[in-house]
Novice: 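Here it is, the structure in full.
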Number of protein chains: 2
Amino acid sequence: MYGAVMHAPGDVRYEQRDDPGILEPTDAVIRVTAACVCGSDLWPYRGFNRVSRPTPMGHEYVGVVEQVGDAVETIKVGDFVVGSFMASDNTCEVCRAGYQSRCVHVEPMGREGAQAELLRVPLADGTLVATPGMPDADLVPSLLAASDVLGTGWFAADAAQAGPGKTVAVVGDGAVGLLGVLAAKQLGAERIIAMSRHDARQKLALDFGATDIVTERGDEGVARIKELTNGLGAHSVIEAVGTQESMMQAIRATRHGGHVGFVGVSHDVEIPGQELFYATVHLMGGPAPVRRFLPDLIDRIWRREIDPGKVFDLTLPLSQVADAYAAMDERRAIKVLLTPKG
Amino acid sequence: MYGAVMHAPGDVRYEQRDDPGILEPTDAVIRVTAACVCGSDLWPYRGFNRVSRPTPMGHEYVGVVEQVGDAVETIKVGDFVVGSFMASDNTCEVCRAGYQSRCVHVEPMGREGAQAELLRVPLADGTLVATPGMPDADLVPSLLAASDVLGTGWFAADAAQAGPGKTVAVVGDGAVGLLGVLAAKQLGAERIIAMSRHDARQKLALDFGATDIVTERGDEGVARIKELTNGLGAHSVIEAVGTQESMMQAIRATRHGGHVGFVGVSHDVEIPGQELFYATVHLMGGPAPVRRFLPDLIDRIWRREIDPGKVFDLTLPLSQVADAYAAMDERRAIKVLLTPKG
């Protein structure tokens with residue numbers, strides 16, 4: 001089969017790889033209907049993470065089950081499935097508490113490389129959720145979004161305790177931040193402030209339910225959020241970038257007693273303890289336990305209540321994966337959907 | 001009147017100060033029945049915080065109201081009162097959300113200097129809670145504990161979501177940590193692990209409801225907590241020290257999805273963002289909003305359900321305040337109660 005392999009920063013190639021097979025009796029192999037490029041794939045692409053050897057890429061996927069191992073009980077050949085970017089057994093104590101991304105048997109799907117024609121999914125019963133049937137083509141982008149960016153934005157909104165009566169601020173206008181806006185709206189937030197200085201992203205934020213746009217960043221951005229919230233700061237802040245500036249912007253934009261949900265993969269972030277102490281805010285974040293939310297998210301998509309697939313503003317055949325990375329790196333695209341055999 | 005004044009690290013004196021009076025119509029002046037030395041008073045005493053001029057000390061107090069300003073409505077002359085170490089209006093949005101220590105009109109009581117015969121209390125209606133009558137003498141230490149160390153330990157246990165079915169670990173065996181044990185027990189925790197290597201403190205922890213004692217610290221302490229919790233870590237961890245080691249010990253001893261409540265005043269703490277991200281724990285802490293808990297705590301003490309006053313293992317007349325600081329600094333006493341005119 002063919003798939004995406006990163007050889008070095010800036011060098012992603014479409015090339016032949018071995019077909020994946022069943023390695024463990026709990027595995028499934030799926031034929032990928034759609035995959036995509038994640039903001040976190042840009043860290044190694046930009047040279048911020050080391051690429052020590054040719055590395056299969058991708059961890060977001062939807063597809064049709066082709067094979068299952070002997071121990072797989074609920075997932076069946078022919079099912080259309082959505083999975084999280086972290087494989088989890090969904091039965092351990094940590095999973096049952098809702099933190100499947102930190103399952104005691106967790107396996108990052110990035111190791112398998114989902115930007116490919118075929119994909120091995122470990123712990124298939126715990127990881128995959130089957131849709132009620134084969135989806136209409138127009139639902140595929142939204143189901144794919146559920147696999148990571150929607151689930152991650154939703155987790156951030158949940159961790160930030162977005163809800164009725166709350167003012168929510170969102171730091172980061174990538175796909176995750178934008179879907180954090182959508183999640184906050186669905187969770188009933190009263191006011192949603194999107195921080196963005198990019199026209200197309202502002203429009204999408206407003207479309208997803210943002211009530212205010214703030215273009216300032218850093219200390220100026222914090223000052224604007226305070227102006228909009230009676231000097232107090234937002235009740236709930238979503239951090240969806242992962243830099244020192246964005247994390248401090250999120251903490252400082254939150255009112256005392258409020259909640260920060262952070263999902264940007266932290267890069268060289270150091271949180272000063274004394275400032276956090278006097279900020280007196282709740283902090284919760286990490287790799288999103290997307291699996292917790294998947295059944296609900298699939299249901300909302302299936303009933304066409306939400307359309308998170310709108311974050312895909314470019315669709316390319318998988319064979320053009322190099323162009324997909326370049327478009328996201330240059331911020332020409334918010335998020336690129338890839339179709340194998342396209 | 002007389003009170004404690006710190007002139008330099010290691011130099012606390014009992015000396016004459018001006019009598020406080022009503023400065024604002026919302027003020028009260030109380031005659032202090034008992035005050036005490038806080039773990040946080042030891043930071044400047046040990047030279048970790050600067051002492052730039054002679055500084056009145058103390059922020060924990062109970063006493064009898066002597067004067068009230070014209071705008072004071074609920075607190076009356078003659079009331080026996082307990083107040084928090086942070087004066088708060090208890091009416092602003094932040095107070096109503098339960099974070100009175102970060103009230104928009106907050107005034108740290110440390111500025112007034114509660115280790116004294118008389119004390120001005122700003123925002124008296126918001127800050128002070130009157131007891132149902134004059135307390136029996138044996139209740140005074142417990143009511144004094146409610147003013148800070150009990151309220152702080154309780155907040156930490158609440159922030160760590162201690163409760164039924166939970167395993168709680170407590171980092172720090174000072175008065176706050178020990179009362180965190182008591183709070184966790186009262187909140188219904190199933191298992192409470194006190195981290196201490198000091199005999200008298202271990203005994204008090206067990207007396208307050210600890211089920212296990214761990215004497216190891218740092219990485220070894222974390223490993224012991226994991227051993228005791230099926231490899232997962234505690235559901236809830238109370239951090240009551242404020243150093244880099246104790247904060248990281250708390251984060252690392254918490255299971256994924258668990259909660260850290262931190263109340264040790266942070267000194268030179270830097271939390272690595274990437275480790276926090278992959279820890280995926282809830283973090284909440286800061287100056288405790290003791291006022292939120294005071295009515296409930298006073299009620300429990302009044303009904304003799306809890307005896308937090310046991311943390312006072314030394315009582316001295318206020319005139320011997322220098323000895324009180326030395327005893328705590330040298331860890332000869334867990335906490336020293338001071339009686340004006342004693």
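Side chains included, hydrogens not; waters and symmetry mates left out as well; all remaining heavy atoms used.
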Novice: Look at B:R255, B:H259, B:H282, B:H267 and state which one has the largest set of heavy-atom pairs under 4.5 Å with chain A.
Specialist: B:H282
Novice: Grab the two heavy atoms, one from A:T280 and one from B:G286, that are nearest each other, plus how far apart they are.
Specialist: OG1-CA, 4.0 Å
Novice: Ignoring hydrogens, what is the shortest heavy-atom contact between A:Y278 and B:V265? Give both atom names and the distance.
Specialist: OH-CG1, 3.8 Å
Novice: Partners of B:F48 by ring-ring contact (aromatic ring centres under 6.0 Å, His included), sequence neighbours excluded?
Specialist: B:W43
Novice: Check whether A:V104 gets within reach of chain B through its side chain, its backbone, both or neither, counting any heavy atom under 4.5 Å.
Specialist: side chain
Novice: Are A:L283 and B:L276 side-chain neighbours, meaning at least one heavy-atom pair lies under 4.5 Å?
Specialist: yes
Novice: Find the one option among A:G231, A:G258, A:G264, A:A159 whose heavy-atom pairs under 4.5 Å with chain B are most numerous.
Specialist: A:G264
Novice: I need the contact set between residues 82-99 of chain B and chain A: heavy-atom distance under 4.5 Å, sorted by residue number.
Specialist: B:E93, B:V94, B:Y99
Novice: Around atom CZ of B:R191, are there more than 12 heavy atoms of other residues, nucleotides or ligands at under 6.0 Å?
Specialist: yes
Novice: Could you pull out the closest heavy-atom pair between B:S266 and A:F277, with the gap in Å?
Specialist: OG-CB, 3.9 Å
Novice: If you count heavy-atom pairs under 4.5 Å between each of B:P289, B:P287, B:G285 and chain A, which one has the most?
Specialist: B:P287
Novice: Considering only heavy atoms and a distance below 4.5 Å, find which of B:H235, B:Q244, B:Q274 pairs most often with chain A.
Specialist: B:Q274
Novice: Is it true that atom CG of B:D268 has more than 12 heavy atoms of other residues, nucleotides or ligands lying nearer than 6.0 Å?
Specialist: no
Novice: Any side-chain heavy atom of A:V269 sitting closer than 4.5 Å to one from B:I271?
Specialist: no
Novice: According to salt bridge (charged side-chain N to carboxylate O under 4.0 Å, His left out), who are the partners of B:D219, at least two apart in sequence or on a separate chain?
Specialist: B:R252
Novice: Would you please name every residue forming a ring-ring contact (aromatic ring centres under 6.0 Å, His included) with B:Y45, sequence neighbours left out?
Specialist: B:Y325
